[in-house]
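Below: one structure, written as structure tokens.
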Amino acid sequence: MRLSRAFLPVLKESPADAQIVSHKLMLRAGLVRQTAAGIYAWLPLGLRVLRKIERIVREEQDRAGAIEMLMPTLQSADLWRESGRYDAYGPEMLRITDRHKREMLYGPTNEEMLTALFRDDVKSYRDLPRTLYHIQWKFRDEVRPRFGVMRGREFLMKDAYSFDLDEAGARLSYYTQLLAYLRTFQRLGIRAVPMKAASGPIGGDLSHEFIVLAPTGESEVFYDAAFEDFDWNRADLDYSDEAGLHGLFDQVSGTYAATDETHDESRWAQVPVNRQRTGRGIEVGHIFYFGDKYSAAMGLKVSGRDGSPVTPMMGSYGVGVSRLVGAIIEASHDDAGIVWPEAVAPWRVGIVTMRQDDQASADVADDLYARLTAAGVETLYDDRDERGGVKLGSMDLIGLPWQIVIGPRGLAQGVVELKDRRSGEKMELSAESALARLTA
RNA sequence: CGGGGAGUGGCGCAGCCUGGUAGCGCAUCUGCUUUGGGAGCAGAGGGUCGCAGGUUCGAAUCCUGUCUCCCCGACCA
């Protein structure tokens with residue numbers, strides 16, 4: 001992308017409405033614009049990041065055997081009356097009446113809808129287990145939206161739902177998603193620690209929140225540093241390996257991690273002091289098992305092996321995709337701006353010409369841009385006729401992992417500058433070497 | 001939902017108390033000079049002062065109502 005043709009508005013000052021760093025940076029770097037309280041338009045840069053996250057989430061869901069579909073944002077109130085949640089949900093649910101006076105709602109989640117869909121078409125134990133998911137916009141009419149996209153009213157969420165014949169099967173589905181989540185967050189380049197959540201409606205040990213560590217997090221967290229060393233992508237862990245999945249769950253359960261809500265001082269005291277980590281965190285995912293809560297209420301039954309009706313046991317698994325954009329920035333930024341992990345960066349490389357009016361600089365930049373792009377390296381080329389300092393400032397703000405700075409001074413020596421945004425490390429090397437490094 | 005605050009050009013703000021028809025910085029546009037970390041000078045464009053009523057010769061300013069946004073708390077992916 002040539003910046004001279006992009007829609008990438010960058011602000012020098014933060015709008016007064018933004019309080020926390022990710023919100024300020026998202027506005028300044030041109031990721032989003034607020035259009036109403038807790039509702040945002042995603043500008044091109046923000047959308048690229050959102051899509052990157054979405055793709056990783058999708059790939060890991062697919063790898064874990066979940067099946068993608070897409071359910072609508074609008075739902076009928078009758079569906080929610082079946083589960084009893086239409087009245088229970090309260091004012092957080094955005095209720096809408098259509099022209100025929102039918103009561104509708106903008107979905108805050110999809111348990112009812114998928115349970116109904118499943119009920120209508122699945123009749124046999126042979127069709128279980130299944131885990132289905134979609135990535136869709138949701139709406140929760142928060143009384144007080146804040147923190148930009150991290151606590152918006154409209155948000156993009158991946159939500160998966162598992163259906164199993166019995167609790168043992170449901171546990172395995174849960175473990176599978178647990179692993180998928182650990183892998184997803186690892187790939188996103190952030191540290192998200194699974195924490196046992198306050199027991200949900202069913203209770204038991206099957207509910208975890210995934211918390212990204214960031215100083216501005218909403219809740220206080222305590223965890224064993226061992227979590228920092230686990231490699232969830234290790235080769236010996238496979239979704240088809242039941243014993244391995246049980247082992248994974250035991251490993252996660254056996255390593256201390258809790259939010260202030262579930263913190264247990266006596267168990268905490270057993271964590272070696274040198275491994276005790278405390279901080280603040282942002283919830284970016286939540287998984288839980290809820291048994292037959294919806295299947296029973298909504299009459300979902302399949303024929304069991306012996307012909308008798310069986311009520312499937314369910315779980316649901318959410319990832320706050322749009323919230324992750326903010327959470328990642330909270331966890332990864334510096335005074336100059338955003339520092340994107342490579343996996344989610346809107347572009348991998350940014351090319352800056354210090355003097356676009358210098359023909360030699362422009363030629364080298366044009367050539368590098370063309371060759372990087374041809375090699376499949378996503379590149380943003382700041383070819384604007386702006387002062388070098390302005391362009392470098394924008395590039396730092398936008399936070400692409402690599403910057404190539406090209407100017408007459410360096411070219412006189414036959415070099416360009418390659419800068420690592422995260423470390424700030426700069427090296428001077430030939431344009432060819434820079435290209436080789438970035439396409440290696 | 002309780003408590004607090006704010007709506008003035010794209011962004012950040014002043015003006016309001018003490019009514020007299022709108023100003024500053026940044027950004028934008030033009031010209032000249034500049035050019036390796038957010039340039040300088042000169043000039044220009046851009047605002048029904050959230051909206052609706054009221055008071056007044058006259059309202060950004062005073063009064064009433066209303067909408068919106070933000071902060072603290074309770075609540076939440």
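Nothing here was measured: the structure is a model prediction, and the numbers come from that model. Per chain, numbering begins at 1; letters A, B, ... match sequence-line order.
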- line: Which of B:rG38, B:rA74, B:rC70 is nearest the side chain of A:Val143? It is B:rA74
field: Pairing partner (Watson-Crick or G-U wobble, both distances under 3.5 angstrom) of B:rA74
entry: none
query: Considering Watson-Crick and G-U wobble pairs with both distances under 3.5 Å, what does B:rG10 pair with?
result: B:rC26
field: Between P of B:rU34 and CG of A:Asp385, the distance in whole Å
entry: 15 Å
task: Whole angstrom is fine here: how far is it from CD in A:Glu154 over to C1' in B:rA77?
output: 14 Å
message: I'd like the C1' distance from B:rA14 over to B:rG4, given in whole Å.
response: 23 Å
message: Does a side-chain N or O of A:Arg387 approach OP1 or OP2 of B:rA39 to a distance below 4.0 Å, or not?
response: yes
message: Classify A:Val321 by what it touches in the nucleic acid, base, sugar-phosphate, or nothing, heavy-atom distance under 4.0 Å.
response: nothing
- line: In whole angstroms, the gap separating P of B:rG5 from CG of A:Asp17 amounts to 17 Å
- prompt: To the nearest Å, how far apart are A:Asp357 CG and B:rU33 P?
  reply: 13 Å
message: Return the pairing partner of B:rC57 with a 3.5 Å limit on both distances, Watson-Crick or G-U wobble; otherwise return none.
response: B:rG20
message: Nearest to the side chain of A:Lys12, heavy atoms from C-beta on, is which of B:rC75, B:rC69, B:rA27?
response: B:rA27
query: For A:Leu11, which contact category applies under a 4.0 Å heavy-atom criterion: base, sugar-phosphate, or nothing?
result: nothing
query: With no angle test and no hydrogens, is the base of B:rG25 tied to the side chain of A:Glu13 by a donor-acceptor pair under 3.5 Å?
result: yes
- prompt: How long is the line joining CZ of A:Arg384 and P of B:rA39, in whole Å?
  reply: 12 Å
- prompt: Between B:rC69 atom C1' and A:Arg33 atom CZ, what is the distance in whole Å?
  reply: 16 Å
- prompt: Across the strands shown, which category fits A:Glu218 at heavy-atom distances under 4.0 angstrom: base, sugar-phosphate, nothing?
  reply: base
message: Could you tell me how far B:rC24 sits from B:rC67 if I compare only their C1' atoms? Round to whole Å.
response: 29 Å
task: Look at the side chain of A:Val390 and decide which nucleotide, out of B:rG36, B:rA39, B:rA77, has an atom nearest to it.
output: B:rA39
- prompt: Can you tell me how far P of B:rA77 sits from NE2 of A:His134, to the nearest Å?
  reply: 17 Å
- prompt: Between A:Phe249 and A:Arg171, is there a cation-pi geometry (under 6.0 Å to ring centre, at most 45° from the normal)?
  reply: yes
- request: Take atom P in B:rG25 and the same atom in B:rG45, then report the distance between them in whole Å.
  value: 16 Å
message: Can you tell me whether the side chain of A:Arg140 and the base of B:rC76 have a donor-acceptor pair closer than 3.5 Å?
response: no
query: Is it true that A:His286 and A:Tyr181 have ring centroids separated by less than 6.0 Å?
result: no
field: Under 3.5 Å on both distances, the Watson-Crick or G-U partner of B:rG47
entry: none
- request: May I ask you to say what A:Lys419 touches in the nucleic acid, namely base, sugar-phosphate or nothing, with a heavy-atom cut-off under 4.0 Å?
  value: base
task: Would you kindly compare A:Pro15 and A:Asp396 by the position of their nearest RNA chain B nucleotide and give the one closer to the 5′ end?
output: A:Pro15
field: Pair A:Ser219-A:Asp260, side chain to side chain donor-acceptor pair (under 3.5 Å): steps then yes or no
entry: CA-CA 7 Å; A:Ser219 47; A:Asp260 41 14; 5.0 Å; no
message: Quick check on the 6.0 Å ring-centre criterion: do A:Phe163 and A:Phe118 meet it?
response: yes
message: Without decimals, in angstroms, what is the distance between A:Tyr89 OH and B:rC76 C1'?
response: 9 Å
- request: With heavy atoms under 4.0 Å as the rule, sort A:Ala36 into base, sugar-phosphate or nothing.
  value: sugar-phosphate
- prompt: On a whole-Å scale, what distance lies between the C1' atoms belonging to B:rU48 and B:rU21?
  reply: 12 Å
query: Is A:Gly407 touching bases, backbone alone, or none of the nucleic acid, heavy atoms closer than 4.0 Å?
result: base
A:Gln177 versus A:Thr131, closest heavy-atom pair with distance: NE2-CG2, 3.8 Å
query: What about A:Arg151, does its side chain sit under 3.5 Å from the base of B:rC75 through a donor-acceptor pair?
result: yes
- request: Could you measure between the two C1' atoms, the one in B:rA52 and the one in B:rA60, and give it in whole Å?
  value: 16 Å
task: Among B:rA39, B:rC72, B:rA77, find the nucleotide with the atom closest to the side chain of A:Arg144.
output: B:rC72
task: Assess whether one donor atom and one acceptor atom, taken from the side chain of A:Ser14 and the base of B:rG12, lie less than 3.5 Å apart.
output: no
message: Nearest to the A:Met354 side chain among B:rC75, B:rC11, B:rG36, which nucleotide is it?
response: B:rG36
query: What nucleic acid atoms does A:Gly152 come within less than 4.0 Å of, heavy atoms only: base, sugar-phosphate, or nothing?
result: base
query: Would you say the ring centroid of A:Phe227 lies under 6.0 angstrom from that of A:Phe230?
result: yes
query: Are any of A:Gln356's side-chain N or O atoms less than 4.0 Å away from OP1 or OP2 of B:rU35?
result: no
Nucleotide nearest A:Leu392 when distance is taken to its side chain, options B:rG37, B:rA77, B:rG12: B:rG37
query: So what does A:Pro408 hit on the nucleic acid, given a heavy-atom distance under 4.0 Å: a base, only sugar-phosphate, or nothing?
result: base
task: Would you kindly compare A:Ala16 and A:Lys426 by the position of their nearest RNA chain B nucleotide and give the one closer to the 5′ end?
output: A:Ala16
message: Below the 4.0 Å mark, does B:rG36 have OP1 or OP2 next to a side-chain nitrogen or oxygen of A:Arg409?
response: yes
- request: Tell me, please, whether A:Tyr86 has A:Arg81 positioned over its six-membered ring: NZ or CZ under 6.0 Å from the ring centre and within 45 degrees of its axis?
  value: yes
message: Between B:rC51 and B:rG7, how many Å separate the two P atoms, rounded to a whole number?
response: 13 Å
- request: Could you tell me whether the phosphate oxygens of B:rC71, OP1 or OP2, come under 4.0 Å of any side-chain nitrogen or oxygen in A:Arg146?
  value: no
message: Give me the distance, rounded to whole Å, that separates B:rG47 from B:rA22 when you measure between the P atoms they each carry.
response: 12 Å
- prompt: With rounding to whole Å, what would you report as the distance between B:rA27 and B:rG12 at their C1' atoms?
  reply: 11 Å
query: Is there a donor in the side chain of A:Gln403 and an acceptor in the side chain of A:Asp420, or the other way round, less than 3.5 Å apart?
result: no
- request: Quick one: sort the A:His246 and A:Tyr175 rings into parallel, tilted or perpendicular, breaks at 30° and 60°.
  value: perpendicular
query: Closest to the A:Glu142 side chain: B:rC76, B:rC11, B:rG73?
result: B:rC76
